[in-house]
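What you see is a predicted model; the values in this text were computed from it and never measured. Letters A, B, ... are given to chains in the order of the sequence lines, protein chains preceding strands, and every chain is numbered from 1.
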Amino acid sequence: MSTAAAAITAVAADHPTSATEAAGMPQLDFSTYPNQIFWLAIALIIIYLMLNRVALPRIGAVLAERKGTITNDIAAAEELKMKAQEAEKAYNQALADARSEAARIVAEAKAEIQADLDAATAEADAQIGEKATEAEARIGEIRASAVDSVTIVAKDTAKELVAALGGKADARSVTAAVTARLKG
Amino acid sequence: MAAEQQGSELAIHPMHQFLIKPLFGGDVVHWYTPTNQTLWMGIAILCVFLLLVVGSKGRAIIPSRAQSVAEVAYGFVYKMIEDIAGKEGLKFFPYVMTIFMFVVFSNTLGLLPIGFATTAHFAVTGTLAILVFVSVTAIGFARHGLGFLQLFWVTAAPLPLRPFLALIEVISYFVRPVSHSIRLGGNMMAGHAVIEVFAAFAAVALISPLSVLGITAMYALDLLAAFVQAYVFTILTVVYLKDALHPKH
């Protein structure tokens, strides 16, 4: 029992409060109620003033500002997206234009080349024709001169033959005879 | 208490932690005496100041950590009021926020090893609950006059039942501050008292590991209860506010 007594005294020394308080609930000690309520009221008023005057308007403003910023940013992003789409469309348009332009230029060049080729061909044909007629003329000339030569040779041969046979060749009759024979 | 006085060396005084003592010596607690409770109320005020006033000082679009927490607390209570009581309820946002911040910090500060649980006192929770009860009733009558009494007339029920329901509704209405305050105060008190009991058993070497484990588990539970009870106290306040603003069933 002595240990128990010692323990109780030790406890009593640790907490120098009256036995009634220690046994019951301090929550039900009504003598402290006015004190608690008084300080609670002051605490609540201080917190309320802090919140109502400073903290809540400030946080509310920050939240509203952030909301506004986010909305603006989203709108700006939307706008930029539209711009990008427009740019892409313009780019595609330019590309298509360039393609058709290139095709047109190719066709034009082809036509030009064809025209040049046609002209060159025509010119070459003309030159060939010219050359051919020239050559024909020369062939005719040569043929004519050949006939002349044959006449001369025939006359000469006829004269020599007549002379060899002992006759006296009459130049005019020989020529007439050769001419007659040449005429066929 | 009788058991411990019979020879065991265990000195279990789970309620000692709730004793209200004058802060600067003396034995008498006058209505104006600063007590240990006053000190912890002051610390709670300081915490609210640090979190909501100093924390939001930067007014940053991209918030700092403290500002994020302040914004979460703001948004939490704001949305609660908006969802339950509607846009009209937002007029009372600063009051509800005051209650929430005070209760949540008092609850959590009480869990510090040297802390004092302000909200484990029925004088505190009772005052808060009566404050809510009186202001909500006043708001109800100011807004709707005698129409506020529709709150007790359940039009959804069959007519013969309504008088009985009205009686029950009236009784439940007046029990509100009691349940409102005892729920919070009782939770806080019980949690701290149980930790204290476990702590007392830690003095016995044989069971001390179990006791430490018990303290740890109870502490986790109490931490949860501290936030949940602050939430419950606030949401009930808002629900009562809703009844005052929209008494029609």
Relative to chain B, which segment of A:T69 carries a heavy atom at a distance below 4.5 Å: side chain, backbone, both, or neither?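 The side chain, not the backbone.
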
Go through the atoms of A:L63 and report whether side chain, backbone, both or neither lie under 4.5 Å from a heavy atom of chain B.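 Side chain only.
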
Please determine whether a side-chain nitrogen of the Lys or Arg among A:R66 and B:E71 lies less than 4.0 Å from a carboxylate oxygen of the Asp or Glu.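 Yes.
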
Does [atom1] belonging to [X] count more than 12 external heavy atoms closer than 6.0 Å?
X	atom1	value
B:I62	CD1	no
A:R104	CZ	yes
A:E112	CD	no
A:Q85	CD	yes
A:I142	CD1	yes

Does A:D29 reach the side chain of B:L19, with side-chain heavy atoms less than 4.5 Å apart?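 They are not in contact (no side-chain heavy atoms under 4.5 Å apart), so the answer is no.
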
Whether B:R59 side chain and A:R58 backbone form a donor-acceptor pair below 3.5 Å: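 The answer is no, because no donor-acceptor pair under 3.5 Å joins these two groups.
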
Can you tell me which portion of [X] sits under 4.5 Å from chain A's heavy atoms? Options are side chain, backbone, both or neither.
X	value
B:L131	side chain
B:Y74	side chain
B:H121	both
B:Q67	side chain

Nearest 0.5 Å, what's the [atom1]-[atom2] distance between [X] and [Y]?
X	Y	atom1	atom2	result
A:M50	B:M97	CE	CE	10.5 Å
B:Q37	A:N35	CD	CG	7.0 Å
A:L51	B:Y95	CG	OH	12.0 Å
A:Y48	B:I99	OH	CD1	11.5 Å

Show the nearest heavy-atom pair for residues [X] and [Y], with the distance to one decimal.
X	Y	value
B:V124	A:L40	O-CD2, 3.5 Å
B:F102	A:A43	CE1-CB, 4.2 Å
B:A120	A:Q27	O-NE2, 2.8 Å
A:I37	B:A123	CG1-O, 4.2 Å
A:V62	B:A60	CG1-O, 3.5 Å
A:L56	B:P94	CD1-CA, 3.7 Å

Can you tell me which of A:L28, A:I70, A:N52, A:I59 forms the most heavy-atom pairs within a distance under 4.5 Å of chain B?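 When all of A:L28, A:I70, A:N52, A:I59 are compared, A:I59 has the most.
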
Most chain B-contacting option - heavy-atom pairs closer than 4.5 Å, from A:V54, A:I46, A:L44: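 Greatest number of close heavy-atom pairs with chain B: A:L44.
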
Give the ring-plane orientation class for A:F38 versus B:W31, where under 30° counts as parallel, over 60° as perpendicular and anything between as tilted.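 Judged by the thresholds at 30° and 60°, the geometry between A:F38 and B:W31 is perpendicular.
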
Do you know which of B:I45, B:T127, B:L51 has the most heavy-atom pairs under 4.5 Å to chain A?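 The option with the most such pairs is B:I45.
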
